Amino acid sequence: MAGADFTVEKYRRRQRMWDAVESRYVVHLVLFAAVFFTISPLVWQLITSFKTSQGVLALTYLPLDPTIAAYERALIDRGFWRAVVNSVIIASVSTAIVMVLGTPAGYVFSRFRFPFDNAVFVFVLFTRLFPPIGLVTPYYRIMTTFGLLNTKTGIVIANVYLWLPLVIYIMRNFFITIPQSLDEAARVDGCTKIQAFWHVVFPVVLPGFAAGTILTFLYSWREFLFAFTVSTDLTSMTIPVATFLFVGDAGIDWAAMAAASIVSVIPSALVVVFFQRYIVVGMTGGMKG
Amino acid sequence: MATEEFEGEVGPHGGGLTGTISDWVNDHIRTVLLGPSLVALFLVFIYPAVMLLWLSLQNTRGFGETFEPAYNYGRIFGDPTFWNAVENTLVYSFGSLVVSVGAGLIVALALNKLVNQRLRDAYSTLILISWAVPLSIVGVTWQWMFNGELGVVNKVLIDLGVLDAGYSWLSNSVSAMIVVILADSWSRIPFATIVLLAGLQSIPQDMYDAAKTDGATTWQTFRHVTLPYLRPSFFVAGLITWMFAFRAFAIPFSTTGGGPGGATETLAIYIHRFGIQLLDYGFASAVSVFLVAVTLLVATGYVYFILARMQEIEV
């Protein structure tokens with residue numbers, strides 16, 4: 001009897017400990033810590049971007065005399081505004097091409113059987129798993145041969161390679177969730193196959209299409225490896241490359257570098273804030289079998 | 001019954017040219033919808049990939065190219081900095097895997113405890129922001145924070161009395177590696193969190209109710225209900241994190257440039273050094289083939305063995 005009481009007592013004590021671990025306070029503490037870890041590097045960039053060069057050297061937590069001079073130096077003096085324009089153009093065009101090509105392809109993989117269909121789909125997955133760094137050297141060669149170095153076209157082509165397989169895969173997974181009976185009903189009502197796809201199934205998959213678009217845009221926006229390899233001047237350079245090149249200077253203008261970073265983070269941060277749900281759906285939708 | 005659909009030879013749009021085109025599209029729907037993507041993938045993937053194999057068989061040192069199939073592959077394993085890069089890549093990728101998935105699990109468990117959907121969305125948005133930051137900017141940001149003279153990390157540590165004087169984090173090989181792993185994890189934790197949270201939310205509530213009725217402690221519930229159900233999400237988050245960290249270029253390159261003295265030079269930086277900076281295409285291609293082979297072997301093996309076993313678990 002005494003033994004049993006002891007066990008119950010031990011169980012209760014353990015459970016109390018776990019209740020404490022699981023309490024609201026601990027949950028919020030963990031989440032505050034996570035948010036602090038996420039946000040503080042960006043806050044430090046934000047603070048630095050409002051400092052003067054002397055303020056950077058003085059190493060204070062807050063800017064002594066806040067100024068937007070660093071933004072002026074970065075955007076105008078260094079021509080960084082051109083990188084902003086390039087990034088917007090490259091990310092938009094890449095996203096448009098990838099979505100227009102990838103959405104119908106994903107539909108086909110979700111609906112039709114055809115010779116070697118599995119092999120073709122595995123090829124698409126293989127393209128996605130293939131490490132992009134492996135293709136950097138050939139791309140550099142090809143771009144040199146075709147005169148595409150330092151052009152926006154070169155970076156768009158690289159983006160198509162990087163994100164088209166991903167979009168095909170994500171869109172296929174979204175189309176699979178829509179019952180095939182919908183297409184069949186449309187066919188019975190007299191739609192051609194393409195009309196069934198475009199007027200009946202596509203509208204239903206719009207949230208998935210939005211998720212794919214947002215994800216592709218963000219990925220193209222933040223792409224560094226190919227943009228860095230293919231472009232070295234301001235006619236085609238994207239923001240991630242331009243910001244990185246600030247650091248290569250002998251005397252780094254840290255305030256201007258921070259300003260450039262903030263400029264590049266703002267659009268993606270806004271996308272995350274407004275489209276959080278879609279991004280989560282896209283991230284997890286890209287993984288379903 | 002509608003008879004329009006069965007008008008014999010004539011297509012759904014009637015006769016004429018548009019009808020013929022529309023019929024052709026209808027009969028070749030797969031080609032029309034999938035064809036453009038396959039052509040595009042052929043041009044942007046197959047062509048460079050074949051070129052990669054071809055280049056790896058060329059001696060491109062010095063002027064011109066000569067076909068010497070064994071030359072570059074023979075050089076790989078004799079180069080001491082190659083083994084250094086392999087070791088760094090393993091430390092880097094597994095370090096990032098452990099930190100990202102570990103922290104991701106803790107954050108996902110905490111998020112899953114929140115009942116209020118709005119609060120949960122607010123937290124996830126804030127945590128997701130680091131994922132959206134371009135990787136090269138992650139690098140310059142962490143380089144700036146850990147700067148020896150002007151870095152905020154030294155400033156905080158000195159003000160807290162932990163350090164007496166500034167420490168140059170990025171000049172020491174061990175601390176430089178820790179900083180790049182942290183920077184890498186910083187941008188990967190959101191992904192691991194989202195995947196694991198999705199896994200947590202797919203666990204049926206009945207399982208928890210049953211565990212409670214049986215008098216299981218929180219730990220037992222976690223150990224025998226949560227973890228087994230979470231296993232598929234762990235495998236997905238782990239494989240993807242590892243695979244992307246294994247090929248990582250932007251973060252180590254923009255944080256340390258591979259330094260000090262090659263201490264954070266990953267295979268991707270190594271390939272970039274030979275292929276783009278030294279213009280030794282052949283050798284860079286051969287190393288690329290090695291990296292691609294390792295990644296694909298691991299990924300395929302993982303998918304086959306683990307996913308096959310996972311199906312047994314789920315049944």
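Fair warning: this is a prediction, and the values are worked out from it, not measured in the lab. Naming: A, B, ... by sequence-line order, numbering from 1 per chain.
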### Query
Is it the side chain or the backbone of A:T48 that comes within 4.5 Å of chain B heavy atoms, both, or neither?
side chain
### Interface moiety of A:V108 toward chain B, non-hydrogen atoms closer than 4.5 Å
side chain
### Query
In terms of heavy-atom proximity below 4.5 Å to chain B, should A:R277 be classed as side chain, backbone, both, or neither?
side chain
### Summary
Whatever's closer than 4.5 Å to a heavy atom in chain A on B:A293 counts as neither
## Note on the structure
Taken to the nearest 0.5 Å, the spacing of B:L239 CG from A:L129 CG works out to 7.5 Å
### Query
Considering only heavy atoms, which portion of A:I157 lies under 4.5 Å from any heavy atom of chain B: side chain, backbone, both, or neither?
both
### Task
Nearest 0.5 Å please: distance from the CG atom of A:L135 over to the CE atom of B:M51.
11.0 Å
### Task
State, with a plain yes or no, whether a side-chain heavy atom of B:K113 is found less than 4.5 Å away from one of A:L31.
no
### Query
Most heavy-atom pairs under 4.5 angstrom with chain A, which of B:I129, B:V50, B:V152, B:L182?
B:V152
### Message
If you count heavy-atom pairs within less than 4.5 Å of chain B, which of A:I39, A:L42, A:V160 leads?
### Response
A:L42
### Query
Among B:V289, B:V287, B:V138, B:V156, which has the most heavy-atom pairs under 4.5 Å with chain A?
B:V156
### Query
Looking only at heavy atoms, which two atoms of B:A132 and A:S268 are closest? And how far apart?
O-OG, 3.4 Å
#### Entry: A:I194 versus chain B, the contacting section by heavy-atom distance below 4.5 Å
both
### Within the 6.0 Å centroid threshold, strictly below: B:F45 and A:W163
no
### Task
Answer with side chain, backbone, both or neither: which region of A:I168 has an atom nearer than 4.5 Å to a non-hydrogen atom of chain B?
side chain
### Query
What distance do B:T31 atom OG1 and A:F114 atom CZ have between them, rounded to the nearest 0.5 Å?
9.0 Å
#### Entry: Whether over 12 other heavy atoms sit under 6.0 Å from A:Y61 OH
yes
### Query
Short question: side chain of B:S37, backbone of A:L101 - any donor-acceptor pair under 3.5 Å?
yes
### Query
If you look only at pairs with a residue in residues 281-297 of chain B, which of them pass as a side-chain hydrogen bond (donor to acceptor under 3.5 Å, both in side chains), with sequence neighbours excluded?
none
### Task
Please look at A:I262 and chain B and tell me whether the side chain, the backbone, both or neither of the residue comes under 4.5 angstrom of a heavy atom of that chain.
neither
### Query
Which atoms of A:F37 come close to chain B, meaning under 4.5 Å heavy atom to heavy atom: side chain ones, backbone ones, both, or neither?
both
### Query
Quick check: does any side chain N or O of A:Y139 sit under 3.5 Å from a backbone N or O of B:V44, one acting as donor and the other as acceptor?
yes
### Message
Below 30° counts as parallel, above 60° as perpendicular, anything between as tilted: where do the rings of B:W144 and A:W44 land?
### Response
parallel
### Query
Can you check whether A:F130 reaches B:R247 side chain to side chain, under 4.5 Å on heavy atoms?
no
### Query
Between B:N147 and A:W254, is any pair of side-chain heavy atoms under 4.5 Å apart?
yes
### Message
On a heavy-atom basis, which atom in B:L52 and which in A:G134 lie closest, and how many Å separate them?
### Response
CD1-O, 3.1 Å
### Task
Return the minimal non-hydrogen interatomic distance between B:A268 and A:I133, and the atom names on each side.
O-CD1, 3.5 Å
### Task
Determine yes or no for a side-chain-to-main-chain donor-acceptor pair under 3.5 angstrom, with B:S136 supplying the side chain and A:P240 the backbone.
yes
### Message
Please give me the minimum heavy-atom distance between B:T125 and A:V273, naming the atom from each residue.
### Response
CG2-CA, 3.6 Å
### Query
With respect to chain A, which residue among B:G215, B:A299, B:G139 yields the maximal number of heavy-atom pairs within a distance under 4.5 Å?
B:G215
#### Entry: Chi angles and distances behind the ring-ring contact (aromatic ring centres under 6.0 Å, His included) call for B:W186, A:F36
CA-CA 11 Å; B:W186 185 76; A:F36 178 79; over 10 Å; no
### Query
Checking A:I279 against chain B: side chain, backbone, both or neither under 4.5 Å from a heavy atom?
side chain
### Query
Is there side-chain contact between B:V140 and A:S261, with at least one heavy-atom pair below 4.5 Å?
yes
### Task
Evaluate the ring planes of A:F32 and B:Y123, with Trp represented by its six-membered ring, and classify them as parallel (under 30°), tilted (30 to 60°) or perpendicular (over 60°).
perpendicular
### Task
Please identify each residue that fulfils side chain to side chain donor-acceptor pair (under 3.5 Å) with B:T89, with sequence neighbours left out.
none
### Side-chain donor/acceptor of A:R24 to backbone N/O of B:L114, under 3.5 Å
no
### Message
Taking side chain as everything from C-beta outward and backbone as N, CA, C, O, which of these in B:L197 sits under 4.5 Å from a heavy atom of chain A? Side chain, backbone, both or neither.
### Response
neither
#### Entry: Minimum side-chain heavy-atom gap A:F112-B:I29 below 4.5 Å
yes
### Message
What part of A:V56 gets within 4.5 angstrom of chain B, counting heavy atoms only: side chain, backbone, both, or neither?
### Response
both
### Query
Can you tell me how far the CZ atom of A:F224 sits from the CD1 atom of B:I137, to the nearest 0.5 Å?
9.5 Å
### Task
Against chain A, work out which of B:L55, B:I106, B:D121 has the most heavy-atom pairs shorter than 4.5 Å and name it.
B:D121
### Query
Would A:L218 and B:W131 satisfy side chain to side chain contact (heavy atoms under 4.5 Å, CB included), going step by step from the backbone distance to the final call?
CA-CA 10 Å; A:L218 272 183; B:W131 169 82; 3.5 Å; yes
### Query
Is there side-chain contact between A:F126 and B:L296, with at least one heavy-atom pair below 4.5 Å?
yes
### Message
Around atom CD of B:E149, are there more than 12 heavy atoms from other residues, nucleotides or ligands closer than 6.0 Å?
### Response
no
### Query
When rounded to the nearest 0.5 angstrom, what distance separates CD1 in B:I189 from OG1 in A:T38?
7.0 Å
### Choice from B:L43, B:L119, B:T141, B:L38 maximising heavy atom contacts with chain A below 4.5 Å
B:T141
### Task
Tell me, out of B:L41, B:V25, B:I271, who's got the most heavy-atom pairs with chain A below 4.5 Å.
B:L41
### Task
Name the orientation class of the two ring planes belonging to A:F228 and B:H272 (parallel below 30°, tilted from 30 to 60°, perpendicular beyond 60°).
parallel
### Query
Crowded around A:Y278 OH? As in, over 12 foreign heavy atoms under 6.0 Å?
no
### Query
Checking side chain to side chain contact (heavy atoms under 4.5 Å, CB included) against A:P131, which of B:V294, B:L267, B:L291 comes through?
B:L291
### Query
From B:I127 CD1 over to A:Q276 CD, what is the distance, rounded to the nearest 0.5 angstrom?
10.0 Å
### Summary
Cut-off 4.5 Å, heavy atoms of chain A, and the answer for B:I276 is side chain
